[in-house]
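Down below is the structure, laid out as structure tokens.
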Amino acid sequence: MSPSDPAQTSAPVSRFVLVTGPSGAGRSTAIRALEDLGYEVIDNLPLSLVPRLLEGGPHGPALALGIDTRNRDFSTGAFLDLLARLGERDVELLYLDCQPDILLRRYSETRRRHPLAPAESPAEGIARDFDLMSPIRVRADIVIDTSELTIHELRAEIDRWFGSAPDNRLALSVHSFSYKRGLPRGLDMVFDCRFLRNPYWEPKLRGLDGLSREVSDYVAADPRFDPFFDKVRELALLLLPAYVEEGKSYLAIGFGCTGGQHRSVTVAERLGNTLANAGWQVSIRHRELERRATPAGSGRQTGKNE
């Protein structure tokens, strides 16, 4: 692959990428980005074990191996020998590069010790790293200079070379929950629905939940419901493409109410279906209903293809 022909399709089965570069240039970020794209990732595998890993020919998902000077048996010669041994395979070498002064600044900002100079200045380690890596860099299929890139821009660059259309990758989930049991872990945005009128105080609705038409209509009849929901929907539709551009692979939106049975379920259902109709793949989860093993007991996947 030449640097002028970035990949435009999803990672195929058995694609094999070696990821390397000087310490601090962004190799870990690149590895995580490849993992989010569906690659099976192994980091810092000893060089001597790589051929054994690939015995029997390529199979399974696309594979990315992270290799740098911290590998147990790393040397420039061993790395070049590995490339020679893998020469008949379809192997791509991705090299994350960075200007030495930028690397020095990054180490100074994080106050990390350089792995090649733990008892010396980072500048010494950076110089040794470049000496070891320079012969490898010239063998790279793809070189990405991260000197002026943010983490998000680097992830976008990885996606440009190795990924698929970003709109298909955001895992979006919408949750309902009870504030009595606390917030579910991992929520990115939370909205409190306790200001809406509560079906619990209606005897005929108390035993139902927000999946029922009666409860949903009752909650939606609150004059504050439509302005609230419209603003939440507009906010979600504004932010979702921005999160995709940022490289975010997972987003969770939560709606809470007192018992997690009526109001939050109604709003979560309506937003989940609205976003699905807008083309997003959505999982809808109702924590308290799942605990009671109602028909909503397992998360449902919904989207534009349903």
Checklist entry - Does the pair Leu172 and Gln281 meet the rule for a side chain to side chain contact (heavy atoms under 4.5 Å, CB included), with working shown? => result CA-CA 6 Å; Leu172 175 62; Gln281 296 296 323; over 6 Å; no
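- Residues satisfying the side chain to side chain contact (heavy atoms under 4.5 Å, CB included) test with Glu35, not counting sequence neighbours, are Val41.
- A donor-acceptor pair under 3.5 Å links the side-chain atoms of Ser147 to the main chain of Gln99, judged by distance alone.
- The shortest side-chain heavy-atom distance between Leu53 and Leu63 falls under the 4.5 Å cut-off.
- Here the closest non-hydrogen pair linking Arg206 and Gln261 is O-NE2, 3.0 Å.
- Between Ile158 and Ile144, the closest side-chain pair of non-hydrogen atoms falls below 4.5 Å.
- Residues Val267 and Val232 have side chains not in contact (no heavy-atom distance under 4.5 Å, counting atoms from C-beta outward).
- In this structure, Arg194 satisfies the cation-pi test against Tyr179, with its NZ or CZ atom closer than 6.0 Å to the six-membered ring centre and inside 45 degrees of the ring normal.
- Under a hydrophobic clustering in which Ile, Leu, Val, Met, Phe, Trp and Tyr are joined whenever their side-chain heavy atoms come within less than 4.5 Å, directly or via other members, Leu65 and Phe79 fall into the same cluster.
- Here the side chains of Arg106 and Thr146 are in contact, with some heavy-atom distance below 4.5 Å.
- For the atom pair CG (Leu104) and CD1 (Ile126), the distance works out to 5.0 Å, reported to the nearest 0.5 Å.
- Every ring pair (Phe, Tyr, Trp, His ring centres under 6.0 Å) that Phe191 has, sequence neighbours left out, goes to Phe255.
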Next on the checklist: Let's go through Asp188 and Tyr243 carefully: what are the C-alpha distance in whole Å and the side-chain angles of both, what is the deciding distance for side chain to side chain contact (heavy atoms under 4.5 Å, CB included) to 0.1 Å, and is it a yes or a no?
Outcome noted: CA-CA 11 Å; Asp188 297 289; Tyr243 284 133; 5.8 Å; no
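- Looking at heavy atoms from C-beta onward, Phe74 lies out of side-chain contact with Asp68 at the 4.5 angstrom threshold.
- Linking Ile, Leu, Val, Met, Phe, Trp and Tyr residues whenever their side-chain heavy atoms come within less than 4.5 Å leaves Met133 and Leu103 in two separate clusters.
- In terms of heavy atoms, Pro199 sits closest to Val219 at CG-CG2, 3.6 Å.
- Taken together through direct or relayed side-chain contacts under 4.5 Å among Ile, Leu, Val, Met, Phe, Trp and Tyr, Val190 and Leu251 form parts of separate hydrophobic clusters.
- Shown here for Ile67 and Arg27, the closest heavy-atom pair between the two residues is O-CD, 3.7 Å.
- Judged by distance alone, with hydrogens and angles left aside, the side-chain atoms of His175 form no donor-acceptor pair with the main-chain N or O of Gly256 at under 3.5 Å.
- Atom CZ of Phe228 is surrounded by more than 12 heavy atoms from other residues, nucleotides or ligands within 6.0 Å.
- If you take NZ on Lys231 and CG on Asp226, they are separated by 11.0 Å, rounding to the nearest 0.5 Å.
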Checklist entry - Taking it one step at a time, do Asp209 and Val215 satisfy side chain to side chain contact (heavy atoms under 4.5 Å, CB included)? => result CA-CA 6 Å; Asp209 58 50; Val215 169; over 6 Å; no
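- Considering NZ of Lys180 and CD of Glu288, their distance stands at 10.0 Å, rounded to 0.5 Å.
- Ring geometry for Phe229 against Phe225 counts as parallel: the plane angle stays under 30°, on a 0 to 90° scale with 60° as the upper cut.
- For the residue pair Leu237 and Leu275, the shortest heavy atom distance occurs at CD2-CD2, 3.6 Å.
- For the atom pair CG of Leu205 and OG of Ser216, the computed distance is 11.0 Å after rounding to the nearest 0.5 Å.
- The side-chain heavy atoms of Leu18 and Leu83, taken from C-beta on, include a pair separated by under 4.5 Å.
- A salt bridge between Asp230 and Arg233 is present, with a side-chain N of the basic residue lying under 4.0 Å from a carboxylate O of the acidic one.
- Atom CG of residue Leu34 and atom CD1 of residue Ile31 lie 6.0 Å apart, to the nearest 0.5 angstrom.
- Summarising the geometry, atom OH belonging to Tyr95 is positioned 10.5 Å from atom CG belonging to Asp145; distances are rounded to the nearest 0.5 Å.
- Shortest non-hydrogen contact noted between Pro184 and Arg287 is N-NH1, 3.6 Å.
- Among all heavy-atom pairs drawn from Val19 and Ala30, the shortest one is CG1-CB, 4.3 Å.
- If you chain together hydrophobic residues whose side chains sit under 4.5 Å apart, Leu183 and Phe195 never meet in one group.
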Item to check | Step-by-step salt bridge (charged side-chain N to carboxylate O under 4.0 Å, His left out) determination, Asp36 to Arg155 | outcome: CA-CA 10 Å; Asp36 289 341; Arg155 291 181 66 95; 2.3 Å; yes
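- With contacts defined as side-chain heavy-atom distances shorter than 4.5 Å, the pair Phe130/Cys98 does not qualify.
- Partners of Tyr107 according to the side chain to side chain donor-acceptor pair (under 3.5 Å) rule, which considers only residues two or more places apart in sequence or in another chain, are Ser23.
- Surrounding CZ of Arg213 are at most 12 heavy atoms belonging to other residues, nucleotides or ligands under 6.0 Å away.
- Counted within 6.0 Å of CG on Leu80, heavy atoms from surrounding residues, nucleotides or ligands total more than 12; the atom is thus considered enclosed.
- A continuous path of hydrophobic side-chain contacts links Leu271 to Leu196 [ILVMFWY only; heavy atoms under 4.5 Å].
- For the pair Arg197/Tyr218, a side-chain contact is recorded, criterion being any heavy-atom separation below 4.5 Å from C-beta on.
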Next on the checklist: Checking Glu120 against Arg128 for the side chain to side chain contact (heavy atoms under 4.5 Å, CB included) test, could you report, in this order, the C-alpha distance in whole Å, the side-chain angles of both residues, the deciding distance, and whether it holds?
Outcome noted: CA-CA 12 Å; Glu120 302 171 87; Arg128 291 170 189 161; 2.8 Å; yes
